[in-house]
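Below is one structure, written out as structure tokens; the observations come after it.
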Amino acid sequence: MKKSRRRKVWRPIFRFCFALFLLFFLAFFLSGGIWLFHPRTWQNVGDMLPRLERQLPAIEDTTDTHTIGWTDRLSRFLFLKRAVNSRIDRENYVPLSDIPDSMKQAVVAVEDSRFYSHHGFDLQGIARASLVNLQYGQIEEGASTITQQLVKNLFLSNEQSFGRKAEELALALDMEINYSKDEILELYLNTIYYGSGYYGIGPASLGYFGKKPKDLQLPESSMLAGLPNAPSVYSPYHDFLMAKKRQMVVLDAMVRAGYISESTAEDAKIKPILLAH
């Protein structure tokens, strides 16, 4: 009987406290407190934390030691910009304004033609890539978006598992929330592997053609844009004929995407390319 009476006494108090709690949060949200749950708020908090030590991007780390704990994963997700900055090579970094449109368009056309319309992953792109690969009889276009490739190159191993793929999708969505499309493309161009030991558009442009990225012409841009698909296969220093074939695939993709005309593509295909050595 006493326990029953105690419950009856505490129930109104509990209900009152719960109602007060809900009222507080309602007032908090209505007064603009919802900003606390906005992802960019956490990026500002990350700016106040100690800077992370410089780390190699996962794509450059050959030690294969990418296993991290859940606390580190959560920290990376909440403070994404802090994590990204720790993986970027600022010494060879090239801003998007110093990269020609031909290079940006070539990469988007062949890697992720719907880059500017999706939100990190693209079901339609998966279907399109499958059709293109069937057409050529080999893998010419990947199903992963540029954003997915970027987070994989920065943070993730090549492990093929549901957990790793789920983390890739989560980080891709996080990247799309916290960075603009042009910022994502800029990061991608500066971290991707172009073969022959060249990571990033700056070293690749100088290494292959002896030029700064801003001086690249369409034939050179289209050749460079085709290399990340299979760098060891398409590197012009390894097999120039394969690099030319891949360049043609890129130029055809640019035509399909509406970036260039067929005549411009045909002209670029027959123009000679001079390698740095």
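Computed over heavy atoms, backbone and side chain alike; hydrogens, waters and symmetry mates excluded. This is a predicted model, so every value here is computed, not measured.
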**Prompt:** What residues, two or more places apart in sequence or in another chain, satisfy side chain to side chain donor-acceptor pair (under 3.5 Å) together with D215?
**Reply:** none
**Message:** Please list all pairs meeting salt bridge (Lys or Arg N to Asp or Glu O under 4.0 Å) that have one or both residues in residues 220-241, counting only residues at least two apart or in different chains.
**Reply:** K211-E220
Could you pull out every donor-acceptor pair under 3.5 Å between side chains of residues 263-270 and any protein atom, sequence neighbours left out?
from : atom 1 : to   : atom 2 : distance (Å)
S263 : OG     : S261 : OG     : 3.0
T264 : OG1    : S261 : OG     : 2.9
E266 : OE2    : K269 : NZ     : 3.1
K269 : NZ     : D252 : OD1    : 2.8

**Message:** I'd like to check F209 versus L274 (side-chain heavy atoms, cut-off strictly below 4.5 Å). Are they in contact?
**Reply:** no
**Message:** Set out, in order, the CA-CA distance, both residues' side-chain angles and the distance that settles side chain to side chain contact (heavy atoms under 4.5 Å, CB included) for Y188 and E111, then state yes or no.
**Reply:** CA-CA 11 Å; Y188 175 83; E111 293 292 338; 3.8 Å; yes
**Request:** For the residue pair L187 and Y93, establish whether any side-chain heavy-atom pair is separated by less than 4.5 Å.
**Result:** yes
**Fill in**
Residues passing the side chain to side chain donor-acceptor pair (under 3.5 Å) test with D98, sequence neighbours excluded, are none
**Prompt:** Who are the side chain to side chain donor-acceptor pair (under 3.5 Å) partners of E183, not counting sequence neighbours?
**Reply:** S180
**Message:** For a 4.5 angstrom cut-off between non-hydrogen side-chain atoms, does I201 reach L216?
**Reply:** yes
**Prompt:** Which heavy atom in G226 sits nearest to a heavy atom in Y234, and how many Å separate them?
**Reply:** O-CD1, 3.8 Å
**Request:** To the nearest 0.5 angstrom, please state how far the CG atom of D174 sits from the NZ atom of K81.
**Result:** 10.5 Å
**Separation of L275 CG from I273 CD1 (nearest 0.5 Å)** = 7.5 Å
**Asked** Taking the side chain as C-beta and beyond, is there a heavy-atom pair between M223 and R246 under 4.5 Å?
**Response** no
**Prompt:** Just by distance, do the side chain of S222 and the backbone of L218 share a donor-acceptor pair under 3.5 Å?
**Reply:** yes
**Item:** Polar contact flag, side-chain donor to acceptor under 3.5 angstrom, N153-R87
**Value:** no
**Message:** Let me confirm one number: the CZ-CG distance from R54 to D89, rounded to the nearest 0.5 Å.
**Reply:** 5.5 Å
**Fill in**
Heavy-atom closest pair (L189 atom, M103 atom, distance to 0.1 Å) is CD2-CE, 4.2 Å
**Prompt:** So if you build clusters from Ile, Leu, Val, Met, Phe, Trp, Tyr with side-chain heavy-atom gaps below 4.5 Å, do F155 and L56 land together?
**Reply:** no
**Prompt:** Are L251 and L241 linked, directly or through other ILVMFWY residues, by side chains that come within less than 4.5 angstrom of each other?
**Reply:** no
**Fill in**
To the nearest 0.5 Å, atom CD of Q148 lies from atom CG of L169 at 5.5 Å
**Request:** Would you name the heavy atoms of P100 and P213 that are closest together and state the gap between them?
**Result:** CD-O, 2.9 Å
**Request:** Verify, without hydrogens or angle tests, whether Y193 (side chain) and G197 (backbone) share a donor-acceptor contact under 3.5 angstrom.
**Result:** yes
**Request:** Please round to the nearest 0.5 Å and tell me the distance separating atom CG of L227 and atom CD1 of I192.
**Result:** 10.5 Å
**Prompt:** Is there a side-chain contact between L173 and L171 (heavy atoms, below 4.5 Å)?
**Reply:** no
**Any F79 side-chain heavy atom under 4.5 Å of N178 side chain** = no
**Asked** Looking at residues at least two apart in the chain, or sitting in another chain, which of them share a salt bridge (charged side-chain N to carboxylate O under 4.0 Å, His left out) with E186?
**Response** none
**Request:** Indicate yes or no: does E167 engage R76 in a salt bridge with an N to O separation below 4.0 Å.
**Result:** yes
**Message:** Grouping I, L, V, M, F, W and Y whenever their side-chain heavy atoms are under 4.5 Å apart, do M175 and F77 come out in a common cluster?
**Reply:** yes
**Message:** Tell me every residue that passes side chain to side chain contact (heavy atoms under 4.5 Å, CB included) with T191, counting only those two or more places apart in sequence or in another chain.
**Reply:** I88, L150, L154
**Asked** What pairs with Y259 under ring pair (Phe, Tyr, Trp, His ring centres under 6.0 Å), at least two apart in sequence or on another chain?
**Response** none
**Any pair counted as salt bridge (Lys or Arg N to Asp or Glu O under 4.0 Å), so long as it reaches residues 100-110, sequence neighbours left out** = D101-K104
**Message:** Test of understanding: with ring pair (Phe, Tyr, Trp, His ring centres under 6.0 Å), list the residues that count as partners of Y208, not counting sequence neighbours.
**Reply:** Y198, Y237
**Asked** How long is the gap from NE2 on H119 to CZ on R114, to the nearest 0.5 Å?
**Response** 9.5 Å
**Prompt:** Got a sec, which residues hit side chain to side chain contact (heavy atoms under 4.5 Å, CB included) with F115, two or more places apart in sequence or on another chain?
**Reply:** V108, D112, H118, I146, T147, K181, I184, L185
**Request:** Taking S205 for its side chain and G202 for its backbone only, find out whether a donor-acceptor pair lies under 3.5 Å.
**Result:** no
**Prompt:** Side chains of K152 and Q149: is there a donor and an acceptor less than 3.5 Å apart?
**Reply:** no
**Under the side chain to side chain contact (heavy atoms under 4.5 Å, CB included) test, residues paired with A106 that sit two or more places apart** = A225, V250, M254
**Asked** For V233 and H238, which heavy atoms make the closest approach, and how far apart are they?
**Response** O-CD2, 3.7 Å
